[in-house]
Amino acid sequence: MYSDFQKHLQKELQAIEEAGLYKNERIITSPQQATIKVSTGQEVLNFCANNYLGLSNDKELIKAAKKALDSHGYGMSSVRFICGTGDLHKELEARISEFFGTEDSILYASCFDANGGVFEPLLNEQDAIISDALNHASIIDGVRLCKAQRYRYANADMEELENCLKKAQAQRHRLIVTDGVFSMDGNVAPLDKIYELANKYNAMIMVDESHSAGVVGKTGRGTTEVFDLHGKIEIITGTLGKAFGGAIGGFTTGRKEIIDMLRQRSRPYLFSNSIPPMIAAAGIRMFEMMSENNVLQDKLHANTDYFVAKMQAVGFDIKPTQSAICAVMLYDAKLSQEMAAKLLDKGIYVTGFYYPVVPKGEARIRVQLSAGHEIVHLDKCITAFTEIGRELGVIA
Ligand SMILES: *Cc1c(COP(=O)(O)O)cnc(C)c1O
């Protein structure tokens with residue numbers, strides 16, 4: 001029965017491979033951290049993890065998780081509303097609200113689920129969703145599951161957003177949706193201007209802080225801190241899988257009634273398992289650490305500034321970044337792959353991105369900085385970039 005379909009898949013897979021788009025996974029045999037070991041035995045410096053605060057292998061978080069394993073067991077074996085709600089889940093939700101200055105929070109297995117489950121319960125065909133063209137795939141999928149009228153504006157283009165808002169006056173409620181930090185350029189959404197327009201055109205705002213929470217703003221509160229809008233945004237979604245320890249889990253936080261409604265109607269919440277207690281416990285410890293001081297944010301910001309300045313000084317073309325994402329522009333797809341391969345040979349693990357992940361002719365290597373990096377790591381990376389950049393004629 002399978003043979004026709006098998007042939008079909010083999011052909012499709014071959015086409016993916018021939019287009020140079022086949023994704024091969026590198027196997028890591030050490031914990032996720034600045035220096036990692038891969039299955040070939042090679043030790044490399046990691047500059048492509050979302051481990052922005054260096055917490056993925058943090059001793060405090062591991063301790064909190066181990067303790068909860070002993071006190072609360074391994075799994076919940078239930079969705080939240082049947083018997084999957086533990087005291088640790090409730091405490092973590094309260095911590096998330098406290099961190100973001102919001103009224104209530106709801107946990108999901110991932111931010112992909114949070115975004116997949118946020119639109120459909122809240123809005124219907126009488127409403128409008130106005131979405132940035134570069135929003136994350138999970139937002140795009142979530143919007144698809146909802147019957148609201150869809151509008152799209154070019155990345156951070158406030159003129160286009162305003163036009164959408166004018167058209168969307170025809171609908172009952174309007175929700176503007178944006179990533180806080182866009183993952184390919186590292187730019188921050190112009191939330192101040194979005195907020196002004198939302199007020200002018202009677203719209204609500206949702207920000208996905210996955211790449212920005214813990215990262216941007218002096219205390220890592222995300223884009224709402226950058227623009228002094230703490231507590232003023234209706235809906236924030238985020239992940240525990242990036243800066244916040246990197247394990248698993250997502251959340252939606254915001255207005256009380258919105259979160260209430262999600263608990264009643266959000267399908268990935270109602271029909272998917274509760275996160276393990278140890279993840280909740282580590283999350284609680286993580287938010288505690290965030291409230292104690294800004295040491296990790298300060299280090300991350302200093303590392304990013306240092307890296308960008310040194311790379312620019314040797315002549316690299318760096319996209320203006322306001323986050324821990326640094327796009328080294330190469331423009332040529334093949335060059336981006338060749339350069340990433342040569343960097344790996346020198347022990348620097350980065351990823352080259354090209355069309356269709358980024359626009360045609362805008363190939364690049366994305367470097368992700370971390371508070372887990374030391375200056376020696378940054379220097380080694382900059383030196384490798386400089387040598388290979390000269391060899392390949394990218395810089396003089
Ligand atoms: C990574 C990411 C997600 C998905 O988060 P997970 O918790 O890994 O599912 C959602 N939105 C944005 C903007 C992201 O960068």
Side-chain angles (χ1 to χ4, degrees), residues 23 25 32 48-53 55-56 61 89 92-93 96 99-100 105-119 129 131-145 152 155-156 175-191 194 205-216 220 222-224 226 233 235-254 262 266-269 272-276 279-280 282-283 286-287 321-327 351 353 357-358 366-370:
K23 294 175 190 68
E25 296 170 1
Q32 185 65 276
C48 56
N50 301 314
N51 185 19
Y52 295 123
L53 297 177
L55 293 174
S56 302
L61 300 191
H89 297 99
L92 176 56
E93 285 172 343
I96 292 170
F99 184 82
F100 287 98
S105 305
I106 176 173
L107 289 169
Y108 289 85
S110 69
C111 187
F112 206 105
D113 276 353
N115 287 335
V118 70
F119 302 104
I129 298 171
S131 181
D132 189 292
L134 289 191
N135 278 343
H136 191 262
S138 54
I139 294 179
I140 295 169
D141 284 8
V143 171
R144 278 188 190 139
L145 295 170
R152 204 167 75 132
N155 180 229
L175 177 65
I176 303 167
V177 188
T178 182
D179 281 11
V181 160
F182 294 92
S183 65
M184 285 300 145
D185 288 3
N187 56 317
V188 164
L191 207 55
I194 293 174
I205 301 174
M206 168 178 148
V207 186
D208 179 341
E209 296 273 39
S210 289
H211 278 289
S212 34
V215 174
V216 307
T223 52
T224 58
V226 173
I233 300 301
I235 304 172
I236 292 171
T237 60
T239 181
L240 300 175
K242 291 189 169 111
F244 291 154
I248 198 88
F251 56 83
T252 300
T253 186
L262 295 177
S266 179
R267 294 165 68 84
Y269 183 80
S272 188
N273 201 24
S274 179
I275 61 166
I279 299 292
M286 189 276 305
F287 280 110
T321 182
Q322 298 152 293
S323 64
I325 290 166
C326 173
T351 316
F353 290 103
V357 180
V358 294
R366 182 177 72 175
V367 178
Q368 289 175 285
L369 284 310
S370 168

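When a ligand or atom number is given, it counts from 1 through the structure's own listing order. The structure displayed is predicted, hence computed values, not measured ones. For this chain, numbers begin at 1 and follow the sequence in order.
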Participant: Check side chain to side chain contact (heavy atoms under 4.5 Å, CB included) between A49 and all other residues, then give those that pass, not counting sequence neighbours.
Facilitator: Q32, N46, N51
Participant: Quick check: does any side chain N or O of N115 sit under 3.5 Å from a backbone N or O of S138, one acting as donor and the other as acceptor?
Facilitator: no
Participant: Would you check, one step at a time, whether the test ring-ring contact (aromatic ring centres under 6.0 Å, His included) holds for Y269 with F251?
Facilitator: CA-CA 10 Å; Y269 183 80; F251 56 83; over 10 Å; no
Participant: Just to verify, what does R144 make a salt bridge (Lys or Arg N to Asp or Glu O under 4.0 Å) with, not counting sequence neighbours?
Facilitator: D141
Participant: In chain order, what residues pass the side-chain hydrogen bond (donor to acceptor under 3.5 Å, both in side chains) check against T224, with sequence neighbours excluded?
Facilitator: none
Participant: I'd like to know if the side chain of D132 reaches the main chain of L134, judged simply by a donor and an acceptor atom lying under 3.5 Å from each other, with no hydrogens or angles considered.
Facilitator: yes
Participant: May I have a table of the N/O to N/O pairs between ligand 1 and the protein that fall below 3.5 Å, each row giving the two atom names and the distance to 0.1 Å?
Facilitator:
{"unit_1": "ligand 1", "atom_1": "7 (O)", "unit_2": "C111", "atom_2": "N", "d": "2.8"}
{"unit_1": "ligand 1", "atom_1": "7 (O)", "unit_2": "T239", "atom_2": "OG1", "d": "2.7"}
{"unit_1": "ligand 1", "atom_1": "9 (O)", "unit_2": "C111", "atom_2": "N", "d": "3.3"}
{"unit_1": "ligand 1", "atom_1": "9 (O)", "unit_2": "F112", "atom_2": "N", "d": "2.9"}
{"unit_1": "ligand 1", "atom_1": "11 (N)", "unit_2": "H136", "atom_2": "ND1", "d": "3.4"}
{"unit_1": "ligand 1", "atom_1": "11 (N)", "unit_2": "D208", "atom_2": "OD2", "d": "2.6"}
{"unit_1": "ligand 1", "atom_1": "11 (N)", "unit_2": "S210", "atom_2": "OG", "d": "3.4"}
{"unit_1": "ligand 1", "atom_1": "15 (O)", "unit_2": "H211", "atom_2": "NE2", "d": "3.1"}
{"unit_1": "ligand 1", "atom_1": "15 (O)", "unit_2": "K242", "atom_2": "NZ", "d": "2.6"}

